[in-house]
Each structure stands twice: as structure tokens, then as C-alpha cells.
Amino acid sequence: MNSKLTQKIAFSFLFLCALITIAPVLLIVVIIVVNGISAISWDFLTTSPTNGMRSGGIFPAIVGTFYLAAGATVISLPLGVMGGIYLSEYSKDNFFTRILKLGIVNLAGVPSIVYGLFGLSLFVIYLKLGASLVSGCLTLAIMALPAIITATDAALSSVPQSFREVSLSLGATKWQTIRHAVLPHALPGIITGTVLSNARITGETAPILFTVAAFYLPHLPGSVLDQVMALPYHLYVISTQIPGISKSTTYGTALVLIAFTLSLNLFGIIIRTHLRRQKKW
Amino acid sequence: MVAGTVKIQTHNFNAWFDKNQVIKSLNMQVYSNEILGIIGPANSGKTTFLKSLNRLNDLDIKFKMDGEVLLDNKNIITAIDITALRKKMSIIFALPLPLPISIFENIVYGPRMHGIKTGLEEIVENSLKASYLWDEVKDRLNESALNLSGGQQQRLCIARSLAVEPEVLLFDEPCSGLDPISTAKVEDAMMELKKKYTIILVTNNVKQAARVSGRVAFFLMGELVEIDFTEKMFTNPQDKRTNDYISGRFG
Amino acid sequence: MNFKQIKEFIIEKAIFLSGSLSIIFVILIFVFLIKEGALFFKYVPIKDFLTGTNWYPLSTPEQFGMLPLIMGSLLVTIGAMIISIPLGVACAFYIAEVVNPKLKDVLKTGVELLAAIPSVVIGFVGMVTLVPLVKNIFNLPTGLTALSGSIMLAFMAMPTIVSIAEDAITAVPRRYKEAALALGATHWQAMYKVIIVAAAPGIFAAVMLGVGRVIGETMAVMMITGNAAVIPHTFLQPVRTLTATIAAEMGEAIRGSNHYYALFVVGIILFIITFAINFIADVFLHRIKK
């Protein structure tokens with residue numbers, strides 16, 4: 001067989017593999033949209049579940065997920081950005097930095113259920129916060145941290161060194177330089193990283209299982225020490241623990257959840273592509 | 001004799017990157033209100049010397065220095081308030097490096113960092129006039145600095161340095177990326193600026209040094225070979241190496 | 001010191017502290033898992049725990065043999081890797097070497113979106129589509145099997161494997177490829193004879209991180225592997241993984257009971273496994289950068 005033909009066959013095979021890898025995304029989205037769209041109504045989105053969650057809406061779960069995402073972002077963003085600033089602007093090429101980077105890699109690799117155990121042990125029990133919104137937000141925030149640190153580090157490092165030199169040469173201090181000459185130009189990259197990382201934790205179930213998620217709680221939380229319902233956990237509950245629930249309710253819940261996470265993701269990806277196109281330096 | 005008083009003097013100043021000594025036992029003086037040209041081939045230590053003066057080399061962790069560099073009789077090598085030092089010694093880099101913000105914001109960047117909140121318009125106007133850019137940009141101060149031509153950008157950078165009210169201006173091959181017309185404009189600005197400031201001009205362009213500087217120093221491999229009045233240096237250099245360099249035999 | 005310098009000093013300390021948080025949290029996680037889990041070994045010998053073949057936490061006497069859980073995780077992971085390594089690496093090669101730039105962006109976005117689908121959604125879709133399919137094809141009493149779990153997990157490992165392997169392939173110096181082409185090799189020959197060798201450490205790291213992702217995955221496996229804590233003999237049996245055990249049982253374990261402590265020990269085991277995997281992957285990735 002001649003080598004040109006081999007190459008043609010090989011490339012077609014690679015194409016097929018790529019197709020099999022990517023296709024499930026479309027497939028999953030299509031399955032959920034087709035089966036779930038009929039459940040989506042104003043009532044579904046704005047009322048509480050009734051009849052043992054077999055009917056009614058998913059409003060408390062939507063609100064709970066929104067609170068969790070917002071709370072986790074509020075906590076993780078400043079810490080993550082400062083951590084990224086440390087890595088990019090202050091850290092030296094030494095053993096401590098090497099360990100620090102290993103810590104970040106490992107924090108990113110800790111299984112989500114282990115985060116759940118950790119949250120249970122530290123926040124719920126040791127700090128006596130109980131299963132509550134604040135315990136859940138803290139657990140998710142720590143989970144989001146490595147991605148935000150990494151994104152911030154990358155965004156800051158891509159700002160030209162000359163900006164720093166110019167600022168310092170004009171008598172600005174190191175922090176002034178970072179704050180006024182570097183950070184503003186890295187901001188879009190940092191925002192993208194944060195959006196992408198928080199879109200991911202929004203869909204997480206395992207870390208909130210024992211730290212915040214309520215099985216059934218048909219009202220909204222009154223304080224940060226209350227439990228909340230959350231979309232991912234709600235989907236788990238109704239699809240595995242509630243026999244005889246209508247198909248469209250589960251699909252509808254799944255649809256709302258992926259609409260939430262995928263639109264956040266697309267948003268992040270769009271800003272990023274936009275940025276790459278109009279990079280000024 | 002040179003008019004004016006001694007502004008900067010060095011005593012046995014040495015500098016290294018790692019083990020590599022880039023400036024060897026430098027002894028020289030710079031007088032106030034003169035333009036001192038520093039010439040020499042690549043790697044002769046001229047830019048390192050310039051960046052040592054406002055401690056920008058500190059950014060490189062491999063950099064080390066010792067000896068004395070006195071600014072108004074205060075040693076800058078042991079200076080504690082480096083930001084105050086950098087405010088006094090403002091550098092203009094080889095390539096124009098405007099920040100990607102408006103013309104106005106570029107110029108007020110330094111003053112803002114030093115806590116100045118009022119009279120910014122005046123600072124911008126004065127700085128731009130002093131760098132011969134005002135007439136070209138006065139109607140578009142809010143445009144991005146990146147829209148200016150290379151020569152305009154470099155004069156903007158000069159204005160930006162002037163805005164922090166320095167005492168010494170350090171030019172690091174400021175015209176290396178510019179066409180002859182832009183170069184002439186920058187040189188005009190320098191001639192005017194020496195009335196108020198002390199200027200050190202590092203340049204690869206021997207002719208530029210001859211055109212604008214009152215005295216010239218010739219650096220080679222980290223050593224000061226010769227320093228003298230421009231006319232004397234170009235007509236009757238004392239050292240053979242100086243003669244070789246000026247007449248274009250190496251470098 | 002003036003005001004500016006004091007402010008600078010405080011900010012620098014705060015930044016350093018935030019920078020160290022990652023290490024602090026990794027240590028905290030370990031410490032708090034140990035804090036809850038260590039008591040377990042007061043009551044149950046470590047040997048019984050690691051080699052016992054029965055996981056009956058609620059029977060009397062209770063039995064905490066972890067072998068079925070380890071075997072469950074292992075089987076599902078091996079299955080997922082058999083599927084995802086060839087597919088993922090092939091996909092990475094396609095994206096890095098073959099496809100035109102425009103389609104490249106589309107494919108990369110697709111891979112990224114696959115990573116963005118919550119695991120509970122993947123589990124749900126697997127439950128309603130794949131599980132009945134497996135049941136019918138193999139004529140089984142239930143489709144909740146290790147096989148179903150492996151297939152869904154394979155897709156969850158894919159984004160990690162593809163993106164990191166693609167980075168590794170792209171990072172191979174152009175001159176290697178050019179040298180091969182200059183000697184008359186076709187593009188494909190250059191790929192499988194030269195580029196894959198040069199990119200091997202990175203591809204290995206990608207696979208390791210994929211394994212880490214699969215072992216740590218919880219919700220999807222819990223929903224589609226059947227959760228039977230018995231030592232599996234084939235892919236067509238229900239299994240229970242380490243992660244699913246924690247997720248399924250922690251809710252009903254009484255705080256302070258042996259069962260509760262045992263679940264934390266399972267967490268410690270998971271933490272150690274993923275730590276080791278990430279460490280190895282990091283070493284290989286670091287080697288490429290140098």
C-alpha cells in the first residue's frame with residue numbers, strides 16, 4: 001500500500017476519533033433539550049416543588065444554586081487573584097514556589113467528593129457552621145481557587161514586562177505598578193478564568209452533598225446559616241430517589257442546569273476569543 | 001571647564017550579572033545641565049550603567065553592584081527610598097513604550113502615583129510643550145497613545161518622564177527605532193531640555209553623540225576608556241581604541 | 001517608614017499569604033480527613049480494612065473490607081481508560097496536527113464544553129440512554145454495570161486527556177517534524193514515528209491526569225454503576241467505587257460511628273491516590289518545560 005493512501009486512511013480514522021469525542025456534547029444537549037423543553041414554563045421556573053417533588057417548579061433550587069455560585073465567587077475571586085499576583089509578580093524561582101505550584105496542581109486534582117468530606121469536617125463540624133449556605137460556599141470557593149490562581153497568573157504573565165519597567169521608572173512602587181500598570185490589562189483574562197472555573201463548580205454535586213444541599217426545602221433561605229436546595233443535587237434526587245416522577249420534570253431540571261453552566265461557559269469562551277483577536281500589544 | 005556643579009559622581013563602581021562583570025571600577029562625573037553622551041559598542045555596559053542610576057537593574061535578581069554612585073552627594077546604591085530616587089532620575093527607553101491608555105493618562109500616570117490629584121491638565125500641557133508634542137496632539141488627548149507614530153510616541157514618553165519633575169533625564173538609545181525626521185525632533189527637544197535638566201544620553205549613534213552632547217564618554221567592555229569634551233574627543237582622542245571606534249573600525 | 005511604605009508592606013504580606021493558601025488548603029484537607037478518619041483504626045485493624053472482602057457497614061457485626069470498593073474503582077477506571085486513551089490521544093493528534101485552524105477552534109470549544117457538563121447531568125443522561133441499551137444488548141437483569149460507568153467516565157476523562165495531550169503535541173519543536181518530512185516521510189509517518197515519541201512524556205501526563213479525573217469522579221458513577229459492593233468479575237456486573245461509597249453512605253452514617261470514620265478513611269485513600277497521580281503527572285509535565 002502506498003504511503004499517501006495510508007495517510008489518507010489514518011487521517012480519516014483520526015477524524016472519526018475526534019468526532020466520537022466531540023459528538024456526545026451535542027448528543028447530550030439535544031437529548032435534554034428535546035425531552036425537557038416541554039417542561040419549561042414560567043411556573044416551573046418560579047414556583048416551589050409540590051407533591052413530594054413530583055410536580056411544581058424548581059424555584060428554590062435555582063435560587064440556591066445562584067446563591068452558591070455568587071457566594072463562592074465572592075470568596076474565591078479576591079483570594080485567587082491575590083494568589084495569582086503572588087505567583088506572577090512576587091514569587092522567585094525557588095523551592096517554595098515549586099512546592100506552591102505542586103499545591104495548586106494537587107488542589108485542582110482533589111476529587112470533588114473529598115472536598116465534600118473536607119467541608120463537612122472543617123466547616124460543618126469543626127467550625128460549627130452546620131450544613132449551611134456559608135459552609136457550601138466556602139467548600140466550593142476552595143475548589144474554584146486553583147483555576148482562578150492559574151488564570152490570573154497566566155493573564156498577568158502575558159502583560160509585557162515593559163509596562164512594569166515604565167511604571168517603576170516613573171517612581172511608582174511595586175504594588176502601584178501591579179495595581180495600575182499590570183492588573184487593568186490582565187483583567188479580561190482573569191474574568192474569563194473566573195467565569196469558566198465558577199461555571200464548573202456551579203454544576204458540582206458531591207462537594208455540596210454534606211455541606212449545604214437540602215433534599216426538599218420548599219422555601220428560600222433566610223440566612224447564610226440555612227440549608228438550600230441546589231439544581232445539581234435536586235436533579236440527582238429526583239432522577240434516582242423519586243420513583244414515578246414525570247420524565248419531563250427531570251429533563252426540564254437538567255435543561256435548566258445545563259443552560260446555566262453552558263451559557264456561563266460560552267460567555268467565558270466568547271470573551272476569551274474576542275480578547276485574543278484584539279490584543280493590543 | 002565645564003559649567004555647573006557636579007550632579008552625579010561614581011567611585012569604583014562595579015556591576016555584575018551573575019559572575020559576569022559588566023562594569024569595571026568606574027570613576028566619572030556628570031555635571032548639572034550638561035548632555036553627557038555615552039558611546040560604545042554593544043555589551044560595553046552603557047545601558048547597564050544608565051539603569052543602575054535609577055536602580056531599574058534591581059528587577060533582575062542576577063544583578064549585583066558595589067562602589068559608590070553619588071547623586072547630589074548621596075549614595076544611590078544604598079538608597080532606601082528607591083521610588084523617590086526613580087522620580088528624580090527618569091529614564092526614556094530605547095523603544096517608545098507608551099502604556100495602552102490615552103495620551104492624557106500616560107502623562108499623568110507618574111503624578112497620580114505620587115498622589116497628585118489637581119492641576120493635572122496643566123502638567124499635561126507643560127510636559128507636552130516641553131517635549132515638542134503639544135501642537136500635534138492637543139486636540140486628541142483622550143485618544144489611545146498607541147495611535148501615535150513612533151516619533152510622537154517617543155516624545156510622549158519624554159513628556160511622561162518630565163511630568164514627574166525629575167532632575168536627571170536618562171536617555172537609553174532613544175532614537176534607535178526612529179526615522180531621521182523624528183530623530184531630529186527628539187534631538188531638538190533634548191537641546192532645549194538641558195537648560196533645565198541634567199541629561200545622560202546612551203547612544204549607538206556616534207554622530208548623534210557628536211550633534212547633541214557637550215561631553216562624550218567612551219565605554220568598552222565595561223570600562224570607561226575616555227571621557228572628554230565632544231569636540232576634543234572627535235578631533236583628537238587620547239586612546240587608540242576611541243579613535244578606532246569613532247572612525248568606525250569596530251562596533 | 002512613611003505611609004506609602006507601610007501600605008506596601010501590608011499588601012505584600014497579604015499577597016504572600018494568599019499565595020500560600022493553596023499549600024495551606026492541601027495540608028488542611030489532609031489534616032481534617034485524618035482528624036476524622038484516624039479514630040477508625042482504633043477499632044478496626046488496618047489489615048482487615050485493606051484486604052477484607054466484605055463491605056457490610058450496617059450489619060452486625062459490621063464489616064469494613066475495602067477490597068470490593070478498590071476493585072470497583074479499579075475496574076471502572078481501567079474500562080474508562082481503555083476507551084478514552086486511544087480516542088483522546090487520536091483526537092489530540094487530529095486537533096494539533098491535521099485540522100485547519102477554523103475547525104480547530106470549534107473542536108477545542110467542543111472539548112471544553114464537554115468538560116463543562118455537570119457530572120450529575122452526564123450520570124442522568126447515561127441512566128436514561130446508555131443503561132437500557134447495555135441491558136438490552138447483553139441481555140442483562142440490569143444495565144447498571146461497570147461497563148456503563150466506564151463508557152460515561154471515558155467521556156469525562158476526554159477533555160483532560162485531549163487538551164493536555166494536544167498541548168504536548170503542539171509543543172514538539174517544529175524542526176523534528178521538518179527533519180522527518182525532509183527525509184521523505186509523509187505527514188502521517190512523521191506523526192507516528194517522530195512526533196509521538198517526542199510528545200510521549202506529555203501524553204503520559206495527560207493520561208495520568210485523566211486517570212485522576214476518573215478515579216475522583218462521583219455522581220455519574222454513583223448513578224450508573226449499580227452500587228453493589230461486591231468484588232466484580234466482569235464488566236457486566238454492578239460495582240461500587242470508592243467515591244460513590246462516600247457519597248451514598250455519608251448521609252446515613254451516624255456521626256462518631258465506625259461507619260462514619262470508615263468513610264473518611266476511604267476519603268484519605270482517595271486523596272492519597274489522586275495526590276500521587278497528580279504528582280507524577282506534574283513531574284512529567286515539568287520535564288517537558290525544561
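In what follows, chains carry the letters A, B, and so on, assigned in the order in which the sequence lines appear, proteins first and then strands, with residues in each chain numbered from 1. Heavy-atom basis, side chains included; hydrogens, waters and symmetry copies ignored.
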Residue [X] versus chain C: region with a heavy atom under 4.5 Å:
X       : value
T261(A) : side chain
R272(A) : side chain
T250(A) : both
A206(A) : both
I104(A) : both
Y90(A)  : side chain
L16(A)  : neither
I149(A) : side chain
Y236(A) : both
I31(A)  : side chain
P232(A) : both
L117(A) : both

Legend entry - Contact leader toward chain A among I277(C), I122(C), I29(C), where contacts are heavy-atom pairs under 4.5 Å: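 The candidate making the most pairs under 4.5 Å is I29(C).
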Legend entry - Pairwise distance CZ(F275(C)) to CG(N106(A)) - rounded to 0.5 angstrom: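 F275(C) CZ to N106(A) CG: 4.0 Å, rounded to 0.5 Å.
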Would you say the side chain of [Y] lies within less than 4.5 Å of the side chain of [X], judging by non-hydrogen atoms?
X       : Y       : value
R255(C) : V124(A) : yes
Q7(A)   : Q189(C) : no
V98(C)  : F15(A)  : no

Inset, instruction - Answer yes or no: are there more than 12 heavy-atom neighbours, outside D93(A) itself, under 6.0 Å from its atom CG? - result: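 Count not over threshold, so no.
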Inset, instruction - List the steps, then state whether ring pair (Phe, Tyr, Trp, His ring centres under 6.0 Å) holds for F16(C) with F96(A). - result: CA-CA 12 Å; F16(C) 175 71; F96(A) 177 74; 5.7 Å; yes
Checking heavy atoms, do the side chain of [X], its backbone, both or neither come under 4.5 Å from chain A?
X       : value
V111(C) : both
I11(C)  : side chain
R213(C) : neither
L113(C) : both
V162(C) : side chain
A281(C) : neither

Legend entry - Intermediate values then yes/no, side chain to side chain contact (heavy atoms under 4.5 Å, CB included), Y251(A) and F124(C): CA-CA 9 Å; Y251(A) 277 109; F124(C) 169 65; 3.7 Å; yes
Legend entry - F118(A) ring center within less than 6.0 Å of F30(C) ring center: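 So the answer is no for these two rings.
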Inset, instruction - Go through the steps to decide whether Y86(A) and S18(C) satisfy the test side chain to side chain contact (heavy atoms under 4.5 Å, CB included), and finish with yes or no. - result: CA-CA 8 Å; Y86(A) 177 75; S18(C) 306; over 6 Å; no
Legend entry - Considering all heavy atoms, the nearest W175(A)-E8(C) contact: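 Smallest heavy-atom distance, with atoms named: N-OE2, 2.8 Å.
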